[in-house]
Every structure is written in structure tokens, then in C-alpha cells.
Amino acid sequence: MDHQGEFRRAALELGIPDDEISRFSRHLRLSIGLFGGSGGSPVGQFGGLPRLPVGMKWPSAGDVPLPLLFSVDCAALPRVDGFDLPADGTLLFFVNQERDHEDSSGRYAQVVYVPDGAETAVAESPDPVCVREQFDVCAELRAELPLWLQEGDEDEDWHEYWEDLDWEDMSPFQQQLFRYMEHELPHLDELRALAYDLWPSGARLVIGGYVDDEVINSIAEQTLAGREKAGEIPTVPIAKWYSRLEKEKHRLESEWISLASEVRVYEEYCTSFVIRHDDLAAAQVDKALAVTNFEAP
């Protein structure tokens, strides 16, 4: 389905100029929300026992088996432009969330891709503790925008932050973004409302979309530090570090994408799997990075 065309037609009917719609659409991503219940045809399952290729051992970190968080049938998922999921086969997401939260090595999370046509069998559990309650999940599309274009919520109103920030207190890059929103997207509120109206979702599990801000911030910090150490860029003065970090995060938004993530809930672990676009296009999902957080009240 031509989702961009659908959005453009609806925005034109509101009287919004075509060139502004194009600018906004460059930042609009559609993700796939997964939800339980009987609202549609199942596209996968949460928890339970995985179907693995015959002869493949249950994913583990040493002697620690990793619970199956969820699995999806790629062929059953809605297709999204710019999100190069495999056309068929199965994606399985394993993670020991408590250990992954405490250990930043990434060894306690794995993404497994089982190609269509592979001979598989239901794996036997090496430990009952690593088997979560199973239920089917269905899919729906949802609209996503980068943090700096989001409306915000009760806890973090991003645009109220922009309005309350004095111009002289903004970094040069923040000033650049503010000018862009003010002059290039004068109908931002209407465009954002339209996108969320066309593709709303309250899903707890999401495939695709933007990388969580905390995660992309960590990637940007490591990238900048690595480029400095390798001599690829001059050493960034401390006074300019925050502005340079924001600019690097903005750049990395086009390089990285969320492969799968759990919406954060207080007093629960939630895991984000992120991957470079190029690695996903090559079905190299083993290169995905996982970050588990615990949301304390």
C-alpha cells in the first residue's frame, strides 16, 4: 500500500502545501505495533517455545539460556517503505532482561532469523524459568516521529521545552532545528495530528520506527569518542560537546533503526533491539544491539 501517498492526499485536503508535506514526510516513519487479543490475524507469538532449525541449540550466554521474548512471521507483517525486514521467514528475539540490564556486553540478548523453508522443530526448554507465558500477537501500523518533532506527553512536553527555552540558552544546533520547525513546517501541529490519526497505536511491542532517545544518545557518545580517538575528527571542546552530540544523534537517526522495542512501563524491564539499516537489508540481524532498561517510578 502507498502509505506516503495516502498521507499526502489527506494532508492536501487540509490545504497544506505540497512542499511542506514532503519535508514533514522525510521525518515520518511507520512502525508495526504488536498487540494481543482477537483484533486480527496472528503474526507471531509472545513467549512460549520457539521453532528453531533442526540441530540448532537454544540460544544462550554460556550456560545461561535466554528466554524467548517474542517471534514474528515476516511474511505476515504489514510492509513498510524504508524498513527492510526480510520478506519471509521468522524473526525470534531472545533476552535475559535482568542480566542484560546489568551487563552492557550484549551477550544476554540474541536475534535469530530462520529463513523460509528451513526444517524446524519446537525446541525443548533447557530450563522452565526461561519459558514465558505464550499468547498470539496481531499487528497494526503506527506513526512515529523523532523526539524533536514529537508533541510530548504529560511527563515530557518537548514543544513546551522549546517554547520555554531562551534563544541565547540554545545550542547552535538547537537553534537550527527551531528555525527549521518554525519556517519550514508552519503546519506541524496539523501534520502531526493527521499522522497519528491515520496510524494510531497503543501497542506494548513495536517493530521498526525511531531508536529510543536514551539508546541513540549512548550510540552517539560512543561514536564521537571513537572518531576522536581514531583522529577522524578534531577533539570536541567540553563547552561544545553537548551541541556536537545532538548533531551526531541527528545524523545517526538515518543510519540506525529500531528493530524491535518494548514500550516502557514503570517497575518493569523493557528491551530495545536496534540495528543499522544496511545490516537489516542484508538480513544480518545477529548484528543488532540490545539495551535493557528498568523503569523505576
Side-chain angles (χ1 to χ4, degrees), residues 31 34 44-53 55-72 74 85-86 89-114 120-135 137 203-223 225-226 252 255-276 279-280 282-297:
S31 59
L34 302 180
Q45 69 179 48
F46 181 90
L49 295 171
R51 292 195 67 92
L52 296 174
M56 180 179 178
K57 294 182 178 180
W58 188 293
S60 64
D63 59 354
V64 179
L66 306 178
L68 174 65
L69 181 61
F70 73 101
S71 61
V72 288
C74 295
L85 279 178
T90 305
L91 282 173
L92 304 101
F93 297 82
F94 295 85
V95 59
N96 183 311
Q97 292 184 303
E98 184 174 359
R99 297 211 182 194
D100 190 61
H101 174 61
E102 298 170 350
D103 186 314
S104 61
S105 68
R107 62 194 297 258
Y108 290 102
Q110 290 185 36
V111 182
V112 175
Y113 174 59
V114 181
T120 63
V122 177
E124 293 185 9
S125 168
D127 185 343
V129 175
C130 71
V131 182
R132 297 173 176 239
E133 179 183 359
Q134 177 181 331
F135 59 85
V137 292
R204 282 282 310 278
L205 277 170
V206 180
I207 296 177
Y210 281 94
V211 175
D212 178 84
D213 186 65
E214 186 175 332
V215 176
I216 199 69
N217 191 79
S218 177
I219 294 174
E221 287 179 336
Q222 295 176 43
T223 301
L252 290 172
E255 182 179 330
W256 289 81
I257 193 166
S258 175
L259 181 56
S261 62
E262 295 179 282
V263 175
R264 297 189 176 194
V265 177
Y266 284 139
E267 297 187 334
E268 288 188 17
Y269 289 106
C270 57
T271 303
S272 294
F273 297 85
V274 302
I275 193 168
R276 287 186 173 88
D279 291 332
L280 179 58
Q284 295 177 323
V285 295
D286 57 310
K287 293 188 176 182
L289 303 178
V291 177
T292 299
N293 292 295
F294 182 81
E295 291 299 299

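For reference, positions follow the sequence shown, starting with 1.
- Here the straight-line distance linking atom CD of Q110 with atom CG of D100 works out to 11.0 Å at 0.5 Å rounding.
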**Q.** Evaluation steps, side chain to side chain contact (heavy atoms under 4.5 Å, CB included), between S125 and C130
**A.** CA-CA 7 Å; S125 168; C130 71; 3.8 Å; yes
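- Here S258 contributes atom OG and D212 contributes atom CG; the two are 8.5 Å apart, rounded to the nearest 0.5 Å.
- Here the side chains of R99 and V64 are in contact, with some heavy-atom distance below 4.5 Å.
- Listed by chain and number, the residues in a ring-ring contact (aromatic ring centres under 6.0 Å, His included) with F135 are F46 (sequence neighbours excluded).
- Residues L280 and L85 meet the side-chain proximity criterion, which asks for heavy atoms closer than 4.5 Å.
- Expressed to the nearest 0.5 Å, how far CG of D279 lies from CG of L259 amounts to 10.5 Å.
- Put simply, the side chain of P59 reaches to within 4.5 Å of the side chain of L52, judged on heavy atoms.
- Taking OH of Y108 as the start and OG1 of T271 as the end, the distance is 14.5 Å to the nearest 0.5 Å.
- Within the 4.5 Å cutoff, no side-chain heavy atoms of R51 are placed close to those of V114.
- Put simply, the side chain of L34 reaches to within 4.5 Å of the side chain of F70, judged on heavy atoms.
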Q. Checking side chain to side chain contact (heavy atoms under 4.5 Å, CB included) for the pair L205/I207: CA distance, chi angles, key distance, verdict?
A. CA-CA 7 Å; L205 277 170; I207 296 177; over 6 Å; no
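- Residues Y269 and V95 are not in side-chain contact: their nearest non-hydrogen atoms beyond the backbone lie 4.5 Å or more apart.
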Q | Steps toward side-chain hydrogen bond (donor to acceptor under 3.5 Å, both in side chains) verdict (T292, Q97) | A | CA-CA 6 Å; T292 299; Q97 292 184 303; 5.2 Å; no
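- Within the 4.5 Å cutoff, side-chain heavy atoms of L69 are placed close to those of F273.
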Q) Going through the distances and angles, do Q222 and S218 end up as a side-chain hydrogen bond (donor to acceptor under 3.5 Å, both in side chains)? A) CA-CA 6 Å; Q222 295 176 43; S218 177; 3.1 Å; yes
Q.
Set out, in order, the CA-CA distance, both residues' side-chain angles and the distance that settles side chain to side chain contact (heavy atoms under 4.5 Å, CB included) for V274 and V291, then state yes or no.
A. CA-CA 8 Å; V274 302; V291 177; 5.8 Å; no
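- With rounding to the nearest 0.5 Å, the separation of CD1 in I219 from CH2 in W256 is 4.5 Å.
- Between atom CG of residue L68 and atom CG of residue L49 there is a gap of 8.5 Å, rounded to the nearest 0.5 Å.
- In this structure, L66 and F94 approach most closely via the heavy-atom pair O-CD2, 3.3 Å.
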Q.
What verdict does the side chain to side chain contact (heavy atoms under 4.5 Å, CB included) test give for L252 and V211, after you've listed the backbone C-alpha separation in whole Å, the side-chain angles of each residue and the deciding distance to 0.1 Å?
A. CA-CA 10 Å; L252 290 172; V211 175; over 6 Å; no
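- Aromatic ring pairs are classed by plane angle as parallel below 30°, tilted from 30° to 60° and perpendicular above 60°; the pair H101 and F294 is tilted.
- The two atoms that bring D63 and P65 nearest to each other are O-CD, 3.3 Å, heavy atoms only.
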